[in-house]
Amino acid sequence: MNKIIFASSNYNKFEELVRIIKLKNTEIIFSDNKFEAPEETGTTFFENALIKAKYYSKKFSLPVISEDSGLCVKALEYQPGIFSSTYSGTNNALENNRKLLNKLKDKKDRSCFYFCTHVFLRKFDDPFPLFSSSQWNGYIAKESIGKNGFGYDPIFIDSKSGLSAAAISLKKKNSISHRFRSLKKLEKKINKLNLNE
Ligand code: ITT
């Protein structure tokens with residue numbers, strides 16, 4: 001059985017990822033705050049995902065998948081974007097949501113999207129990283145709706161169904177989300193490799 005580390009401090013992401021991605025003969029292991037998280041100094045989702053992938057693959061000496069993601073709000077020039085997890089100055093989801101609702105108080109256009117980029121590295125100096133990205137379109141609710149999910153899910157409304165990401169089941173979220181779409185592309189690419197080479 002091959003082992004791949006999911007390089008993240010966010011267990012909610014891992015919970016979704018393991019239900020979405022199916023890799024041949026491979027177990028995906030959560031990095032579980034075993035090492036202090038690296039500083040995310042990039043200016044793009046891709047750069048930050050690569051920073052995390054390189055850092056954790058060196059620490060664990062194993063192949064890794066990393067993810068950088070966030071919520072991009074049109075009326076706020078696509079912020080909080082790469083700063084989503086600590087938008088309010090803490091990584092408290094309630095505080096982040098409150099700040100965002102406040103910023104949008106007088107805005108008519110509440111459209112937004114979740115965005116994520118995934119990176120796969122066989123080793124820290126892998127010259128052939130694999131990557132994938134996707135987005136999930138929606139708009140920001142006027143108040144929190146629903147108890148499922150994490151982060152901005154209670155205030156993110158899926159543009160197709162009109163339901164908040166926290167009001168749908170995990171199974172449903174995992175069939176329409178940014179994470180689902182991006183990971184399915186990555187899954188295809190990884191399954192073409194021979195990880196034992
Ligand atoms: P790692 O960097 O350790 O993976 P993190 O949570 O800090 O964990 P990011 O820097 O990629 O990860 O920030 C992602 C943030 O974007 C996340 O904390 C949420 O605030 C938000 N986000 C991304 N996807 C989301 C989703 O499916 N549902 C709710 N919020 C999401």
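Order of listing sets the numbers, starting from 1, for every ligand and every atom in it. None of these values were measured; they are calculated from a predicted model.
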At the 4.0 Å heavy-atom cut-off, does Asp68 count as touching ligand 1? yes
Judged by non-hydrogen atoms, does Gly70 sit under 4.0 Å from ligand 1? yes
Ignoring hydrogens and angles, state whether a donor on the side chain of [X] or [Y] is under 3.5 Å from an acceptor on the partner side chain.
X      : Y      : answer
Thr117 : Asp68  : no
Asn137 : Gln135 : yes
His118 : Glu67  : yes
Ser111 : Asp109 : yes
Ser182 : Ser134 : no

Part of Phe150 with heavy atoms under 4.0 Å of ligand 1, whether side chain, backbone, both or neither: both
I'd like to check Phe156 versus Leu71 (side-chain heavy atoms, cut-off strictly below 4.5 Å). Are they in contact? yes
Can you find a pair of side-chain heavy atoms, one from Glu16 and one from Leu170, that are under 4.5 Å apart? yes
Nearest neighbour in protein (non-hydrogen) for [atom]:
atom                    : value
atom 20 (O) of ligand 1 : Tyr152 CE1, 3.2 Å
atom 14 (C) of ligand 1 : Ser69 O, 3.1 Å
atom 2 (O) of ligand 1  : Lys52 NZ, 2.7 Å
atom 8 (O) of ligand 1  : Asn10 CB, 3.5 Å
atom 22 (N) of ligand 1 : Tyr114 CE2, 4.0 Å

Would Lys173 count as being in polar contact with ligand 1, using the rule that some N or O on each side must be under 3.5 angstrom apart? yes
Can you find an N/O atom of Glu40 closer than 3.5 Å to an N/O atom of ligand 1? yes
Charged tip of Lys189 within 45° of Phe131 ring normal and under 6.0 Å: yes
Numbering as shown, the atoms of ligand 1 that approach [X] to under 4.0 Å (heavy-atom distance):
X      : result
Asp153 : 26 (C), 28 (N), 29 (C)
Ser8   : 1 (P), 3 (O), 4 (O), 8 (O)
His178 : 24 (N), 25 (C), 26 (C), 27 (O)
Lys13  : 1 (P), 4 (O), 5 (P), 8 (O), 9 (P), 11 (O), 12 (O)

Ser31 side chain vs Asn33 backbone, donor-acceptor pair below 3.5 Å: no
From atom 7 (O) of ligand 1, work out which of Ser85, Ala93, Cys72 has a heavy atom at the shortest distance. Ser85
Determine, for Lys173 against Asp153, whether the closest basic-nitrogen to carboxylate-oxygen distance falls under 4.0 angstrom. yes
